[in-house]
There are 2 protein chains.
Amino acid sequence: MMQVNTSSDLQEERQRLDAFFRFGISVDCVVFGYDGENLQVLLIERGAEPYKGFEAIPGDLVSLNEDIDQATKRVLNDLTGLPDIYLEQLSTFGAVERHPMGRVVTVVYYALLDKNLYNPHPASWASEAYWKNLDEIGEMAFDHRQILEAAVQHLHHKVQHQPIGFELLPEEFTLAQLQHLYETILNTSFDKGNFRKKMLSMNVLIPLDKMQKEVRHRPARLYRFDQQRYEQLVQKGYLFEL
Amino acid sequence: MMQVNTSSDLQEERQRLDAFFRFGISVDCVVFGYDGENLQVLLIERGAEPYKGFEAIPGDLVSLNEDIDQATKRVLNDLTGLPDIYLEQLSTFGAVERHPMGRVVTVVYYALLDKNLYNPHPASWASEAYWKNLDEIGEMAFDHRQILEAAVQHLHHKVQHQPIGFELLPEEFTLAQLQHLYETILNTSFDKGNFRKKMLSMNVLIPLDKMQKEVRHRPARLYRFDQQRYEQLVQKGYLFEL
DNA sequence: ACAAAAGTGTTACACGTACACCCATGA
DNA sequence: TCATGGGTGTACGTGTAACACTTTTGT
């Protein structure tokens, strides 16, 4: 069995390679939300250079003693006040000229959120923090436009293979809400009866003894997503489709 | 319209942030191959510290003036002599302690290759370069074991949704070869007739007027993958499945 | 003639699609 | 009682799974 080297040897080698250790690493957090009508993204307005005043995806430089996974939660909380939420890694952007202040490679994460749960508040160097409809977004800082497009593409793909739609809805929702969400994300329309059959046949929805109230038509039944059951099914090799 | 700041302002700001710019970035290239029997990975033996003598995924530090996408090709060629091949980004590993020589975040790429096309030759600080069966791989340098497992998982998933299997085979192949490859990757078995029907019904295989030779049974027809046709289908929203 | 693998055909069943229809509520 | 969306049922065609069968080669 081989031995990992002593630390003095490593320091020497490290000095030889010093010119390689001048990168900055940042994380960017694309957080999707849904207001019942439109798909939205959490944005900040930059209150610091570079790109001061531009809209941007919440993100910041990572410290030397910080895991990048953990940095996402810290950064998101610092800039927008959102609490610890689960963020999944998407991809990494590392073009040479993407950051005017030096060589910064950014690791992009994304999350889905019921936007009614938390209200973003700008802090740190973010001068604003708000939700914005996906189709109303214009110019952005850095290559964030490109990053956002990659995230949307990923969402399109993912929503068809994993039951992530539920994360965007309140805990209790109707099938019509779910259907409308899917139609919005995928920009298509589904047959009501078939959508309903499909969703129910997957056995990951718990029907509640609650109904909608104060609607001027027949009230719809409310459902909850059954996370436990879903995980059981995944373990048995079950694949969510459409 | 906002103005990006002058370069002297940026330099000042950059100095304030100097402690953040001490990361190293590396790329690691997981290259899968297939010898007609087993799924394999291209490995090197490290001829330099740290982890000298350990098996590793080909990878190296990225230079400050080098795009990370381009670095993959350079690194792979430097270490194993393989030419420019298309590598796709997989994910990024950034735990604090993953590299004993400093803070190194690594971006992992992967590729599929007909391993009969090129022979790896070790160069630079790689003391060996060779193909190894996936199920014979033991301890590895750094967190490369973990990286490899992520790549295999990704391959499992991807092969079911995109026709990437063809990249592992010679340009001309039989349906039985294709089936065996899929069975190997997914570790299952398919019904011959049904597999054949499914593959042919997708219209991305071009039947050739060539047959296998020198086999002691009925020779099989050879096929080629129709890349053009596939891209047409993708544009029409067609999705490859199973 | 036989072994071995290529290649085809048949059938039963599950599933997706399209569409029609009934139900409960507020105004 | 009407408009509105919730919710259900059915009929048809396509796709999948299981399995048996025929074909072509080398020995």
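None of the values given here were measured: they were computed from a predicted structure. Reminder, nothing fancy here: chain letters follow the sequence lines and each chain counts from 1. Values reported hereafter were calculated over all heavy atoms of this structure, with side chains retained and with hydrogens, waters and symmetry mates removed.
- Between the side chain of B/Q40 and the main chain of B/K132, no donor-acceptor pair closer than 3.5 Å is present.
- The stretch residues 27-46 of chain A participates, sequence neighbours left out, in no salt bridge (Lys or Arg N to Asp or Glu O under 4.0 Å) pair at all.
- For the 3.5 Å distance criterion, the side chains of A/Q179 and A/E183 qualify, holding a donor opposite an acceptor.
- Taking a heavy-atom distance under 4.0 Å as the criterion, the stretch of DNA chain D touched by chain A extends 5' to 3' from D/dT4 to D/dT10.
- In this structure A/H121 satisfies the side chain to side chain contact (heavy atoms under 4.5 Å, CB included) test together with A/N119, sequence neighbours excluded.
- Contacts of B/R221 with the nucleic acid, taken as non-hydrogen atoms under 4.0 Å apart, involve only primed sugar atoms and P, OP1 or OP2.
- For the 3.5 Å distance criterion, the side chains of A/E171 and A/Y223 fail to qualify, holding no donor opposite an acceptor.
- Using a 3.5 Å distance cut-off with no hydrogens or angles, the side chains of B/E231 and B/Q227 do pair a donor with an acceptor.
- The nearest whole Å value for the distance from the CD atom in B/Q212 to the C1' atom in C/dA4 is 12 Å.
- Looking at residues two or more places apart in sequence or on another chain, you find no side chain to side chain donor-acceptor pair (under 3.5 Å) involving A/K198.
- Whole-Å rounding puts the A/M202 CE to C/dA14 P distance at 20 Å.
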Identify all side-chain donor-acceptor contacts of residues 144-153 of chain B below 3.5 Å with residues at least two apart in sequence or on another chain.
unit_1: B/H144; atom_1: ND1; unit_2: B/I57; atom_2: N; d: 3.0
unit_1: B/R145; atom_1: NH1; unit_2: B/G138; atom_2: O; d: 3.1

(request) For each nucleotide in nucleotides 19-27 of chain C, reading 5' to 3', give B when a protein heavy atom comes within less than 4.0 Å of its base, S when such contact involves only the sugar-phosphate, and - otherwise. (result) B---BBBS-

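- Atom CZ in A/F195 sits about 13 Å away from atom P in C/dT17, given to the nearest Å.
- Spacing between atom CE of A/M199 and atom C1' of C/dC15 amounts to 16 Å, rounded to whole angstrom units.
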